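This one's a predicted model, so the numbers in the text were calculated from it and none came from an experiment. Counting from 1, the numbers follow the sequence of the chain as shown. Counting starts at 1 for both ligands and their atoms, following the listed order.
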Amino acid sequence: MSRIVTVGAAQMGPIQRAHSRAQVVARMVELMREAASHRCDLVVFPELTLTTFFPRWWMESQEEIDAFFEREMPSNETAPLFTEARRLGIGFSLGYAELTPEGRHFNTAILVNKSAEIVGKYRKIHLPGHAGHEPWRAFQHLEKHYFEVGDLSWGTWDAFGGTMGMMICNDRRWPESYRVMGLQSVEMILLGYNTPRHNPPAPDHDRLSEFHNQLVMQAGAYQNGTWVVGVAKAGVEEGCEMIGGSSIIAPTGEVIGQALTQDDELVVARCDLDLTKSYKATTFNFEMHRQPEQYRRIVEQRGAVKAGGG
Ligand code: CDT
C-alpha cells in the first residue's frame, strides 16, 4: 500500500460579511475539483472557513453571534461539499464555528474521509485574544469571548494510510500542541489559520508575521518528525489584512510547497509518510531520549514564575 498522500492546501482569499455560505461553498467546491484534477487524496481548508473572521467584532446579540455558527455538519448549506467530495473520492478537512445541541460554542475542525464520512474532530484549545470589548484596538480579537476552550485534547486518526492530526491557528505557536500528537506518532498535522498581520498589543511584531508563521510550523514538523499542512484564510477581509503563506512542510522541516497569493489558491504536494520514520527513529526517538520526569512544570504550572535556583 502506498504511503504517498497527495495533499492540496486550499488557501482561501477573503470572505466578507456579506458573502453567503452558498458563495463560500461554491469557491470551496472549485478548489476541491482542482485538487481532484491533481489527484489529491486530501484537501485542507482554513480555520472558520465558512464565514468572515467574525471575532474581529464585538457583538451583543446572541442571535447575531450564532448566525456565524453551524448547528449541524453537514447542513443544507454545507452538503454540497460532502456530495462533491464523495463523487470525486477525495477527503478534506474543514474549520468552522460549531454550536452544539447543548448550546456550547467551539472553534472546530473536522477530518472527512474519501467516503465523505466525518472521521475526526478537534476543538481549538489555544484561544488567542481577549474576552472583553477593547475599543482602543483597530479591530477586536474576541475568540476568548465567543468560544469555549476545546474539550477533546489533540487526537490522531488512522486515515489516508497514515496517522493524521489536527490543530487550529494559534495552536501552531505552542510546542505542546505538536508534542501531544507527536506522542501519538502523528505523521501529518492539518491546520488552518486566520492571522491578521497587525497585532494591536504588539505592533512591532507586524513585520515578522510571515516569519513567525513559518518558524513555528517548520519547528513543529521537524521536532516531531511529521508533515505539517498549514492553510490560511488570507487577504483583506472587512478592511483587516490577513497573511497568506499556506505551506506544506516536510518532516525535514523544509517547506516543499507554498502559496504565492493572498487569494483562493491550491498548493499541491506528494507527501511520503515514510519520510517521518528516520526522524522518529533517531534524533526524535521519544522513548529513547525524552525525560518526562524533568518536564513536570509543563503540566503543573500555567504561567511563568521566577523560580530562583541560582
Ligand atoms: N485565529 C487565530 O488564532 N489567530 C491568531 C492571531 C494571534 S494575535 C491575537 C494567530 O495565532 O495567528
Is a side-chain donor or acceptor of Gln11 paired with a backbone partner of Ala234 at a separation under 3.5 angstrom?
no
Structural part of Lys124 in contact with ligand 1, heavy atom criterion under 4.0 angstrom
side chain
Would you mind checking if Arg56 and Glu237 are paired as a salt bridge, meaning a charged N to carboxylate O distance below 4.0 Å?
yes
Closest approach of Val119 to Asn113 (non-hydrogen atoms, all atoms of both residues):
CG1-ND2, 3.5 Å
Return the closest protein heavy atom for atom 12 (O) of ligand 1 as residue, atom name and distance.
Thr195 OG1, 2.6 Å
Closer than 3.5 angstrom, by distance alone: can the side chain of Lys233 be matched with the main-chain N or O of Ile15 as a donor-acceptor pair?
no
Side-chain donor/acceptor of His145 to backbone N/O of Ala131, under 3.5 Å:
yes
Per the salt bridge (charged side-chain N to carboxylate O under 4.0 Å, His left out) rule, which among Lys121, Lys124, Arg104, Arg71 passes with Glu98?
Lys121
Would you say Glu47's side chain and Asn194's backbone share a donor-acceptor pair under 3.5 angstrom?
yes
To check your reading of the model: name the closest protein heavy atom to atom 7 (C) of ligand 1, its residue, and the distance in Å.
Asn170 ND2, 4.1 Å
Among protein heavy atoms, which sits nearest to atom 2 (C) of ligand 1, and what does the distance come to when rounded to 0.1 Å?
Cys169 SG, 2.8 Å
Using a heavy-atom cut-off of under 4.0 Å, does the side chain or the backbone of Phe53 touch ligand 1, or both, or neither?
side chain
For ligand 1, which atoms have a heavy atom of Asn194 less than 4.0 angstrom away?
1 (N), 2 (C), 4 (N)
min-distance protein heavy atom vs atom 6 (C) of ligand 1 -> His141 CE1, 3.6 Å
State the atoms of ligand 1, each with its element, that fall below the 4.0 Å cut-off from a heavy-atom position in Pro128.
2 (C), 3 (O), 5 (C), 9 (C)
Which atoms of ligand 1 have any heavy atom of Arg173 under 4.0 Å away?
10 (C), 11 (O), 12 (O)
Purely on distance, is any nitrogen or oxygen of Asn199 under 3.5 Å from one on ligand 1?
no
So, for His126 and Trp154, is the gap between ring centers shorter than 6.0 Å?
yes
Ligand 1 atoms nearer than 4.0 angstrom to some heavy atom of Arg172 are 10 (C), 11 (O), 12 (O)
By number and element, which atoms of ligand 1 are closer than 4.0 Å to a non-hydrogen atom of Glu143?
1 (N), 2 (C), 3 (O)
Does His126 have a non-hydrogen atom less than 4.0 Å from ligand 1?
no
Taking Glu187 for its side chain and Thr163 for its backbone only, find out whether a donor-acceptor pair lies under 3.5 Å.
yes
